[in-house]
Amino acid sequence: MNKYSSFKTACAAIALFVSAVPINKAAAQNKDGNASSVTIGMEPFVTKLMSKMTVDEKIGQLNLVVTGNVATGTTMSKGIEDKLKRGEIGGIFGVWGTENILKYQDVAVKNSRLHIPLIFGLDVIHGHETIFPIPLGVSATWDMGLIEQSARTAAKEATAEGLNWVFSPMVDIARDPRWGRISEGSGEDPWYGSQVAKAMVRGYQGKSMTDADAVMACVKHFALYGGAEAGREYNTVDMSLIKMYQDYLPPYKAAVDAGAGSFMSSFNTINGMPATVNKWLLTDLLRKQWGFKGFVVSDYTALNEVTNHGLGDLQTVSALAVKAGLDMDMVGEGFLTTLKKSLKEGKITQQEIDLACRRVLEAKYKLGLFGNPHKSINADREKQDVFNDDTRKFARKIAEHSFVLLKNQGETLPLKKSGTIALVGPLADNHSEMLGTWVIAGDPKKSVSVAEGIKNVVGDNVKVLYAKGSNITDDSLLSIRAFALTGPEQKDKRSPQEMIDEAVEAAKKADVVVAVVGESANMSGESSSRADIDIPESQKDLLKALSKTGKPLVIVLFNGRPLTLTWEDKHAAAILDAWAPGTEAGNAIADVLFGNYNPGGKITATFPRSVGQIPIYYAHKNTGRPFDGTGGAKFKSDYLDISNDPLYPFGYGLSYTTFSYSSVQLDKTDPVGNTTVKATVTVTNTGKYAGEEVVQLYIADPVASISRSVKELKNFKKVFLQPGESKVVSFNITTADLKFYNEKLTYDWEPGKFIVQIGTNSSNVQSASVDWSKR
Ligand code: BGC
């Protein structure tokens with residue numbers, strides 16, 4: 001049977017189910033894949049369906065299994081087909097492609113008693129088949145339209161391959177670059193992270209989740225996973241409620257407000273209570289305070305791991321979880337194997353199981369799966385919507401927009417489209433590491449290396465002398481860990497010195513050296529915390545040797561996190577941060593190196609000078625003894641051996657052109673009550689290239705009932721300016737921008753002085769003050 005005849009059979013089975021369950025008068029087959037054919041409303045539909053279900057079938061809906069070659073834990077699901085037939089599975093993740101998906105969906109809708117369709121999930125994080133930059137890179141675009149489009153494009157590809165649920169966006173705020181998963185989020189700022197969270201949810205879920213090209217978003221990891229102590233993966237999180245509400249929770253809340261259909265609980269504890277069994281988190285905050293109406297799935301075996309957190313055996317923690325508001329259990333089968341027993345023993349109630357089951361069924365209803373379990377299965381779409389010219393074009397565009405120019409001394413960049421360049425570094429002619437941390441369906445064979453990109457963009461006009469120069473790392477421990485998922489690095493047979501010598505020879509013959517160095521894809525991401533966030537030593541040795549040649553050294557950096565680049569900042573002529581740029585890496589990098597595109601990205605996570613400064617973020621508190629860098633430092637909040645300042649502050653990023661800012665003009669300086677203050681600056685392109693600038697608005701609240709951050713980002717605008725052109729950029733500031741969580745956790749603003757700051761990054765701003773009174 002080919003996949004399309006199997007599809008028809010599956011639809012026929014659903015039709016049977018529909019007539020067997022008289023509540024649904026609708027036709028099951030639906031060519032356009034719209035669930036509107038289920039004419040009955042969600043609540044009565046699900047109620048009626050649940051009235052037919054046994055306890056086992058209800059518990060079955062709470063079970064999410066994994067299959068395929070993709071596993072992010074050490075446990076794999078077993079006996080899937082038999083479980084499907086018995087109605088013991090609510091969803092599957094790890095497979096994609098219409099053929100695979102049909103195979104499983106067929107079993108569920110044809111061979112299980114109630115023919116309930118499955119939900120199919122996958123970690124579609126920064127693109128599906130066409131890979132975009134890692135989320136930290138995407139966030140550096142400061143372009144919500146592009147960010148939304150990245151999710152939309154990924155949703156189209158994912159649904160064309162039969163998926164209907166993505167484990168994204170990750171909205172965890174991260175202020176510790178040792179944590180490898182900082183790569184998967186949007187950096188350190190709650191307001192900015194909230195904008196990205198909303199854009200991603202909009203992009204994934206589209207106009208309606210019943211549409212054939214829409215997926216349900218799964219917002220993760222709820223909550224505060226990025227606050228892991230010492231940046232060590234899966235570590236404890238312990239923070240004050242004010243910090244939580246003010247700095248870490250807003251992006252999750254924004255995702256709820258944007259209509260996200262599902263959430264994933266995080267691995268960590270929060271003030272002693274594991275998130276996965278945390279009733280305050282999953283019910284009181286998420287549902288009661290924020291009004292979330294979707295379902296919550298655990299992270300991979302996170303429920304089983306609650307036993308390691310010390311809360312009891314699997315039965316105990318599973319009961320705790322269902323009572324707390326966890327609806328679906330990923331891989332570990334704690335729910336499947338213990339909930340019925342707990343029910344019999346009176347440890348949980350039927351209502352608690354019903355509630356979780358209802359939420360899972362509602363998700364399937366919202367996705368239109370009862371109307372058509374194969375709504376996205378479409379042979380034409382699978383051929384046309386996956387990895388085509390448009391997705392490639394978009395990948396190139398978003399990569400270019402994500403790059404951040406960290407240094408450009410003496411206008412080293414853009415490079416001339418003539419002469420000789422030495423292209424060196426272990427990442428210069430590599431096809432896989434540029435894809436980044438979450439690449440499940442992406443194919444490295446289709447990606448463009450930097451060497452290829454340069455050829456594509458400048459052809460033979462530029463002579464390229466290539467030398468690998470070093471391995472990514474010669475550190476045996478780092479090698480094992482950083483390549484654990486992709487297989488060991490293909491090490492060069494030559495000695496490190498021989499490789500360096502070859503690169504130096506190439507450099508001597510060239511006008512400029514372009515060194516493509518940094519982290520491998522799996523040096524960041526899950527389970528990839530690093531205590532030392534330098535460029536690996538083998539590559540640093542290469543850079544040092546290259547720098548001694550006296551040739552201008554341009555560093556193109558691949559990185560999943562802020563790195564400590566103090567040496568590089570001192571010795572390189574230019575540094576272009578390309579993150580892990582995705583499928584079109586080489587073309588996008590070449591476009592920027594040779595000036596076809598003028599970079600305008602800005603970092604969304606602070607780059608420290610040294611690991612010792614971590615956690616480091618711009619919105620810190622003042623302390624009682626602030627050190628402003630002047631005068632004697634004794635008895636001030638500082639370090640003996642390093643400045644307080646980061647190497648590159650939040651919001652920082654250069655351009656091939658330069659911008660000047662006028663002073664800030666305010667239309668009122670004594671506003672009263674709920675009014676609007678208009679703050680205006682004039683931004684001028686003072687250089688010789690057209691370019692984009694991200695104009696950032698910060699507000700400081702120097703006197704309040706609690707100690708406040710020194711400033712907070714409140715808005716930004718991206719402007720494009722021709723050389724010599726000026727634009728007036730205005731922001732309307734309202735009292736909503738002044739609000740914060742006070743000691744009683746009330747979200748309100750307090751009258752007094754506010755400093756309005758507008759500038760090119762969080763450290764370089766123009767300021768003006770208002771005195772805002774209540775009445
Ligand atoms: C990760 C999640 C991911 C899940 C499924 C876990 O290990 O923490 O982010 O969605 O695996 O792959």
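Position 1 is the first residue of the sequence; numbering continues from there. Values below: every heavy atom of this structure, side chains too, minus hydrogens, waters and symmetry copies. Every number for a ligand or one of its atoms is a count from 1 in the order of the listing.
Relative orientation of the F295 and W165 rings is tilted, given thresholds of 30° and 60° on the angle between their planes.
For ligand 1, the 4.0 Å heavy-atom shell takes in T72, F93, D123, F167, R181, K220, H221, M264, F267, D299, Y300, M330, W438, E526, ordered by chain and residue number.
Under a 4.0 Å N-O distance rule, the pair D123/K220 qualifies as a salt bridge.
Residues G294 and D327 come closest through the heavy atom pair O-OD2, 4.3 Å.
Although no hydrogens or angles enter the test, the distance criterion places no donor-acceptor pair under 3.5 Å between the side chain of E88 and the main chain of L336.
Using a 3.5 Å distance cut-off with no hydrogens or angles, the side chains of D172 and Y248 do not pair a donor with an acceptor.
Using a 4.5 Å heavy-atom cutoff, the side chains of Q105 and F120 are in contact.
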